[in-house]
Asker: 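Handing you a structure now.
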Amino acid sequence: MRLNAGLIFMSDTRTNAGVDNISRFRKMFTWEEPGERVITVLTAGNLATSQAVISLLDERTKAPKERRPSLLEAPTMFQVANIIGDTLKEVIKTQKMTGPESEADYGATMIVGGQITGIEPRLFMVYPEGNFIEASEETPFFQIGETKYGRPILLRAYDPDMSFEEAVKLLYVSFDSTLKANLSVGMPLDLQVVETGTMQVGHRRRVEDDDPYFQTVSSSWGDALKLAFKSLPDFTFGPDDQA
C-alpha cells in the first residue's frame, strides 16, 4: 500500500497443495542498503517459481559484477521492476521447457516496492508474463493471491493521509476478513514499513496467532459489524410482495 508517509507491506505465510498439504513459507523478501535503497518483494502463486526468482535475484546481489543485472545496481525502481519481471518470465519459461508435464500452473505474481535515494517511493505489480503496472492515486494499493474478501474493506477505508498505525489497523481488518473466509490464507502475517526518505525498513513484525492487538482488532471488528447490521432499518414486505 502506498501512503503519503511511505510504503507498507503485509503478507501471510500459508501455502497449500490441497487441504491436506499445508505449509508455512515466507512470502516477503527485502534487500537493503540503508540510506541508499530499500526494495521489498511480495510473492503469490507457484511456490517453486517464486522461490527460484527470489534465489536468482539474491544471488545477483551477492556477486553483482559477475551476475548482472542486480537489484542493488539498478538506477530506478522502474528498472528494478523490469529486472524482476524479466527474471520471473525467464524462470516460468525454463520450468515449462525443462520440467515434466504437469497440470500445475507455473505462474507467480509479485508486488515490488521501495525507494532509491533521490527518487520518490514507487510500487509495482508484476505479472507472470513479465510486464507490470504501477500504483497511482487512483490505484494506491495492490493485492495478489486471494484478494476478493479483503478488498472491499481497503476500498472503503483507505486514505493516503493515514498514518502507518492506521494503515496497520486497516490491513489487519482486511486480512482478518480473508482469514475467516478462505483456508488458503493463514497466520502468521509479516508486516513491514518503509518511511519516505529513510531508504530502509523502519518497522518489521511477525504477527502470530496469539498477537494481542490482532486478536483485539478481529473481535472488535466482528462486534462492530453486528452492531452496524442491527442499526440498519428493517425490511418490510408490502402488499405488492404477496405471492
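Since this is a predicted model, take the numbers as computed values, not measurements.
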Asker: Under the criterion side chain to side chain contact (heavy atoms under 4.5 Å, CB included), I'd like the reasoning laid out for Ile119 against Met77: C-alpha separation, chi angles, the key distance, then a yes or no.
Answerer: CA-CA 9 Å; Ile119 307 174; Met77 283 303 301; over 6 Å; no
Asker: Are His203 and Ile8 close enough, and set up right, to give a side chain to side chain contact (heavy atoms under 4.5 Å, CB included), and what steps lead you there?
Answerer: CA-CA 9 Å; His203 301 281; Ile8 184 166; over 6 Å; no
Asker: Determine whether Tyr158 and Met10 fall in the same hydrophobic cluster, where Ile, Leu, Val, Met, Phe, Trp and Tyr are linked whenever their side-chain heavy atoms lie under 4.5 Å apart.
Answerer: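 Looking at the clustering, Met10 is in the same group as Tyr158.
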Asker: Is any side-chain heavy atom of Asp12 closer than 4.5 Å to a side-chain heavy atom of Lys27?
Answerer: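 Heavy-atom side-chain distance check passes, below 4.5 Å.
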Asker: For the pair Thr49 and Gln95, evaluate side-chain hydrogen bond (donor to acceptor under 3.5 Å, both in side chains) and give the outcome as yes or no after the intermediate values.
Answerer: CA-CA 8 Å; Thr49 297; Gln95 289 182 339; 2.7 Å; yes
Asker: Strictly distance-based, threshold 3.5 Å: is any side-chain N or O of Asp241 a donor or acceptor partner for the main-chain N or O of Gly238?
Answerer: yes
Asker: Which is it for Asp58 and Ser55 under the side chain to side chain contact (heavy atoms under 4.5 Å, CB included) test, yes or no, and what are the steps along the way?
Answerer: CA-CA 5 Å; Asp58 198 45; Ser55 295; 5.7 Å; no
Asker: May I ask you to decide whether Arg2 forms a salt bridge with Glu138, counting only side-chain N to carboxylate O separations under 4.0 Å?
Answerer: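 The answer is no: the pair does not qualify as a salt bridge.
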Asker: Indicate the atoms forming the closest heavy-atom contact of Val38 with Glu32, along with that distance.
Answerer: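 Result for this residue pair: CG2-CG, 3.7 Å.
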Asker: Please give me the minimum heavy-atom distance between Ser219 and Thr216, naming the atom from each residue.
Answerer: OG-O, 3.2 Å
Asker: What is the minimum heavy-atom distance between Ile92 and Gly107, and which atoms define it?
Answerer: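 Answer, listing the atom of Ile92 first, then Gly107: CD1-CA, 4.0 Å.
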Asker: Any chance you could measure Leu56, atom CG, to Arg60, atom CZ, to the nearest 0.5 Å?
Answerer: 5.0 Å
Asker: Please answer: with hydrophobic residues joined when any side-chain heavy atoms are less than 4.5 Å apart, are Met162 and Val217 in the same cluster?
Answerer: yes
Asker: Atom CG of Leu72 and atom CD1 of Ile39: how far apart are they, to the nearest 0.5 Å?
Answerer: 6.0 Å
Asker: In terms of ring plane angle, is the pair Tyr213 and Tyr172 parallel, tilted or perpendicular, where the classes change at 30° and 60°?
Answerer: tilted
Asker: Within the side chain of Ser50, is there an N or O that forms a donor-acceptor pair under 3.5 Å with the backbone of Asn46?
Answerer: yes
Asker: Using the side chain to side chain contact (heavy atoms under 4.5 Å, CB included) rule, take Asn82 and Phe124 through it: C-alpha gap first, then chi angles, then the decisive distance, then the call.
Answerer: CA-CA 10 Å; Asn82 197 53; Phe124 302 87; over 6 Å; no
Asker: Can you name the nearest heavy-atom pair linking Met1 to Ala167, along with the distance?
Answerer: SD-CB, 4.4 Å
Asker: Could you walk me through whether Thr30 and Thr40 pass the side-chain hydrogen bond (donor to acceptor under 3.5 Å, both in side chains) check?
Answerer: CA-CA 4 Å; Thr30 299; Thr40 294; 3.1 Å; yes
Asker: Ignoring hydrogens, what is the shortest heavy-atom contact between Leu88 and Pro128? Give both atom names and the distance.
Answerer: CD2-CA, 3.9 Å
Asker: Table please: side-chain donor-acceptor pairs of residues 182-189 below 3.5 Å, with sequence neighbours left out.
Answerer:
residue	atom	partner	partner atom	Å
Asn182	OD1	Ser184	N	2.7
Asn182	OD1	Ser184	OG	2.3
Asn182	ND2	Glu146	OE1	3.0

Asker: Between Lys230 and Leu225, is there a donor-acceptor pair closer than 3.5 Å when you use the side chain of the first and the backbone of the second?
Answerer: no
Asker: Mind running side-chain hydrogen bond (donor to acceptor under 3.5 Å, both in side chains) on Ser218 and Lys180 for me, showing each step along the way?
Answerer: CA-CA 10 Å; Ser218 177; Lys180 284 181 167 53; 2.9 Å; yes
Asker: How about Phe9 and Phe142: are their ring centres within less than 6.0 Å of each other?
Answerer: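 No: the rings miss the under 6.0 Å criterion.
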Asker: If you count the non-hydrogen atoms of other residues, nucleotides and ligands that lie under 6.0 Å from CD in Glu120, is the total more than 12?
Answerer: no
Asker: Distance from Glu166 atom CD to Leu170 atom CG, nearest 0.5 Å?
Answerer: 9.5 Å
Asker: Is Arg122 paired with Glu134 through a side-chain N to carboxylate O contact shorter than 4.0 Å?
Answerer: yes
Asker: Would you give the length of the straight line joining atom NZ of Lys148 to atom CZ of Arg151, rounded to the nearest 0.5 angstrom?
Answerer: 13.0 Å
Asker: Is there a continuous path of hydrophobic side-chain contacts, each under 4.5 Å between heavy atoms, that joins Val112 to Phe132?
Answerer: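 The answer is yes; both residues are in one hydrophobic cluster.
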Asker: Are Ile116 and Leu123 grouped together when hydrophobic residues (ILVMFWY) are joined by side-chain heavy atoms under 4.5 angstrom apart?
Answerer: no
Asker: Quick one: pull up CG in Asp159 and CG in Leu3 and give me the separation to the nearest 0.5 Å.
Answerer: 9.0 Å
Asker: To the closest 0.5 Å, what do you measure between OG (Ser11) and CZ (Phe25)?
Answerer: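 The distance works out to 14.0 Å.
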Asker: Tell me, with the steps shown, if Thr43 and Arg26 meet side-chain hydrogen bond (donor to acceptor under 3.5 Å, both in side chains).
Answerer: CA-CA 9 Å; Thr43 67; Arg26 177 174 288 275; over 6 Å; no
Asker: May I ask whether Trp31 and Leu191 are part of the same hydrophobic cluster, defined by side-chain heavy atoms of I, L, V, M, F, W, Y residues being less than 4.5 angstrom apart, directly or through others?
Answerer: no
Asker: Going by side-chain hydrogen bond (donor to acceptor under 3.5 Å, both in side chains), name the residues that satisfy it together with Glu195, two or more places apart in sequence or in a different chain.
Answerer: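 Once residues adjacent in sequence are excluded, Glu195 has no partner under the side-chain hydrogen bond (donor to acceptor under 3.5 Å, both in side chains) criterion.
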Asker: Looking only at atom types and distance, does a side-chain atom of Ser174 sit under 3.5 Å from a main-chain N or O of Leu171, one as donor and one as acceptor?
Answerer: no
Asker: Can you list the residues that meet the side-chain hydrogen bond (donor to acceptor under 3.5 Å, both in side chains) rule with Arg206, with sequence neighbours excluded?
Answerer: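 Residues passing side-chain hydrogen bond (donor to acceptor under 3.5 Å, both in side chains) with Arg206: Asp190.
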Asker: For the side chain of Thr198 and the backbone of Val194, is there at least one donor-acceptor N/O pair under 3.5 Å apart?
Answerer: no
Asker: Using every non-hydrogen atom in the two residues, find where Val80 and Ala74 come nearest and quote the distance to one decimal.
Answerer: CG2-CB, 3.7 Å
